[in-house]
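Residue numbers start from 1 in every chain, and the chains themselves are labelled A, B, ... in the order their sequence lines are given, proteins ahead of strands. What you are looking at is a predicted structure, and each value in this text was computed from that prediction instead of being measured.
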Amino acid sequence: MNRRNLEPWRGSRLRRSFYARPVLTVARELVGKVLVHRSAEGTTAGRIVETEAYRGPHDRAAHSFGGRRTPRTEAMFGPPGHAYVFFVYGMHWNFNIVTGRVGEPHAVLIRAIEPLAGLELMAERRRMQPARVELTNGPGKVCQALGITGAQYGRDLCKDPLFLNEGSAGRVMRSRRVGIDYSGVWAERPWRFFEADNAYVSRVPRRSMLNAT
DNA sequence: GAATAGATTGTCT
DNA sequence: GACAATCTATTCT
């Protein structure tokens, strides 16, 4: 265990240029990176192990489909490296990272992380025991564990207190995205990326749906 | 282990 | 009024 793993917030921070690239590239490369949130309650951090790319205005599954630009989706149209946070199903927050160019409404959903620091605080927020994969194996769970809500909407992820650091991943696989069956052919696109054999990945697809990257 | 139902509210039609 | 980039508990096999 090196110092970076013990104190993940000390790592090398990802720069704006990392996010200012095509959304599929960023989604793929975000697997293995370290997400850190330093809040008043304490610091929590984890390795990203599962992501999904959303690519409006053409992608029917994206909230920015058709160029829909409202107070809710505004952040997706803004500069890369900022947070797009939304509330869904009446009770869960989801955290995304805006990518690409200004005016291009693309973002990457963070679906799962492997906890690195602040496990006790995560467990407290999640109201469960710390040594369980259910702590952070889903997009709503990640937000609850890290204390991410609408208060973080639009925040610059190149600055404190919510930011990403360098990290590395094992083998990365891809599959169709989760929970967007209403979007027709767009649901088939292999725009979900995850680390192979990681226990914190929210759902392991059938072998026939898998692709190596 | 898989399938299903229920919770609960912001957003848009 | 309908629906949603989800989670949890429950009820099956």
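Per the geometry, CD belonging to A/E52 stands 7 Å off P belonging to C/dT6, to the nearest Å. Nucleotide C/dA4 holds its C1' atom 12 Å from the CD1 atom of A/I180, rounded to whole Å. Computed from coordinates, the A/F194 CZ to C/dA5 P distance equals 21 Å when rounded to whole Å. Here C/dA5 presents its C1' atom at 10 Å from CE of A/M76, a figure rounded to the nearest Å. Rounded to whole angstrom, the span from the CG atom of A/D181 across to the P atom of C/dA5 amounts to 11 Å. B/dT11 atom P lies 8 Å from atom CH2 of A/W93, rounded to whole Å. Rounded to whole angstrom, the span from the CG atom of A/L109 across to the C1' atom of C/dA4 amounts to 13 Å. Taking atom CZ on A/F65 and atom C1' on C/dC3, their separation rounds to 16 Å, with Å as the unit.
Between A/R155 and A/D160 there is no salt bridge, since none of the side-chain N atoms of the basic residue sits less than 4.0 Å from a carboxylate O of the acidic one. Using a cutoff of 4.0 Å between basic side-chain nitrogens and carboxylate oxygens, A/R177 and A/E52 are not scored as salt-bridged.
When each of A/V31, A/L109, A/V26 is paired with A/T51, the side chain to side chain contact (heavy atoms under 4.5 Å, CB included) condition holds for A/V31 and for no other.
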Dot-bracket for DNA chain C, please, read 5' to 3', with Watson-Crick or G-U wobble pairs under 3.5 Å on both distances, ( ) within the strand, [ ] crossing, | other strand, . unpaired.
-> ||||.|||||||.
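Checked against a 6.0 Å centroid threshold, the rings of A/H106 and A/Y54 do not count as neighbours.
Judged by the 6.0 Å distance and 45° axis criteria, A/R21 is positioned over the aromatic ring of A/F18. A cation-pi arrangement is not found for A/R28 relative to A/F193, the charged atom failing to lie both closer than 6.0 Å to the ring centre and inside a 45° cone about the ring normal. Note that A/R192 lies in the cation-pi zone of A/F194, set by a 6.0 Å cut-off to the ring centre and a 45° limit from the axis.
Side chain of A/F87, nearest nucleotide from B/dC12, C/dA4, B/dG10: B/dG10.
Of the N and O atoms on the side chains of A/Q144 and A/R125, not one donor lies less than 3.5 Å from an acceptor on the other residue. A side-chain donor-acceptor contact under 3.5 Å links A/R111 and A/S202.
A close approach under 4.0 Å does not occur between any side-chain nitrogen or oxygen of A/T70 and OP1 or OP2 of B/dT11.
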Whether each nucleotide of nucleotides 7-13 of chain C has a protein heavy atom under 4.0 Å at its base (B), only at its sugar-phosphate (S) or at neither (-) is summarised, 5' to 3', as SS-----
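Where stacking is scored as ring centres under 5.5 Å apart with planes under 30°, A/Y89 does not register as stacked on the base of C/dA4.
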